Amino acid sequence: MTTDPRSPAAGGLQGARCSGCSVTVYPADDTCPRCGGPADPAALQGTGTLWTWTVQRYAPKSPPYQAPPGGFEPFALGYVELAEGVRVAAVLDVEDLDAVRIGMPLSVTAGPGVPRARPTPLSEEGS
């Protein structure tokens with residue numbers, strides 16, 4: 001595959017689906033991790049539910065970590081189970097870390113680095 005599946009230019013979450021055993025993976029790969037057969041590019045829906053999470057409350061050691069201009073802020077990181085059954089690790093863009101719950105609906109977007117997930121507004125649920 002020539003496009004990095006995590007790049008914004010890839011246009012959403014780009015995974016792969018095995019033509020033999022139908023397993024779906026993210027990020028995309030040319031080969032199926034289950035059977036070793038060929039895998040074809042597949043656009044993933046990008047919506048799902050929170051499977052598990054943790055909160056990073058302490059700044060990572062430097063180097064390589066470089067604190068942002070405003071200093072380190074605790075953040076949540078979790079696995080979002082997409083409609084296709086794939087679990088994607090993502091930074092959780094939530095305003096209240098205490099409001100994070102397993103099963104909460106999230107929308108996942110790709111970008112530079114780790115994917116980002118945000119709560120799905122009620123109007124987008126089920127779409």
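Nothing here was measured: the structure is a model prediction, and the numbers come from that model.
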Residue pair T31 / G36: nearest heavy atoms and the distance that separates them: CG2-O, 3.3 Å
Enumerate, atom names and distances included, each donor-acceptor pair closer than 3.5 Å involving a side-chain atom of residues 52-71, sequence neighbours excluded.
from: Q56; atom 1: NE2; to: Y58; atom 2: O; distance (Å): 2.4
from: S62; atom 1: OG; to: Y65; atom 2: O; distance (Å): 2.7

Q45 side chain to E84 main-chain N or O, any donor-acceptor pair under 3.5 Å? no
Let me confirm one number: the CE-CG distance from M104 to L50, rounded to the nearest 0.5 Å. 6.5 Å
Nearest-0.5 Å distance, CG of residue D40 to CZ of residue R17: 9.5 Å
Please tell me if the side chains of P33 and V25 come closer than 4.5 Å, counting only heavy atoms from C-beta onward. yes
I want to check something: taking the side chain as every heavy atom from C-beta on, are T49 and L106 in contact at a cut-off of under 4.5 Å? no
Show every donor-acceptor pair shorter than 3.5 Å between a side-chain atom in residues 91-102 and any protein atom, with sequence neighbours excluded, or say none if there are none.
from: D93; atom 1: OD1; to: R116; atom 2: NE; distance (Å): 3.3
from: D93; atom 1: OD1; to: R116; atom 2: NH2; distance (Å): 2.7
from: D93; atom 1: OD2; to: R116; atom 2: NE; distance (Å): 3.2
from: D96; atom 1: OD1; to: D98; atom 2: N; distance (Å): 3.0
from: R101; atom 1: NH1; to: D98; atom 2: O; distance (Å): 2.9
from: R101; atom 1: NH2; to: D98; atom 2: O; distance (Å): 3.3

Taking all atoms of both residues into account, what is the closest heavy-atom pair of V108 and A117, and its distance? CG2-CB, 4.1 Å
If you look only at pairs with a residue in residues 73-82, which of them pass as a side-chain hydrogen bond (donor to acceptor under 3.5 Å, both in side chains), with sequence neighbours excluded? none
Considering only heavy atoms from C-beta outward, does the side chain of V88 approach that of L82 to under 4.5 Å? yes
Within-4.5 Å side-chain heavy-atom neighbours: C18 and P38: no
Contacts of R34 meeting salt bridge (charged side-chain N to carboxylate O under 4.0 Å, His left out) (sequence neighbours excluded), chain-then-number -> none
Contact summary for P115 and Y26, nearest pair of heavy atoms: CG-OH, 3.7 Å
Return yes if a side-chain donor-acceptor contact under 3.5 Å exists between S107 and T47, otherwise no. no
Does V114 belong to the same Ile/Leu/Val/Met/Phe/Trp/Tyr cluster as F72, with side-chain heavy atoms less than 4.5 Å apart forming each link? yes
Counting C-beta onward and ignoring hydrogens, is there a side-chain heavy-atom pair between C32 and C21 closer than 4.5 Å? yes
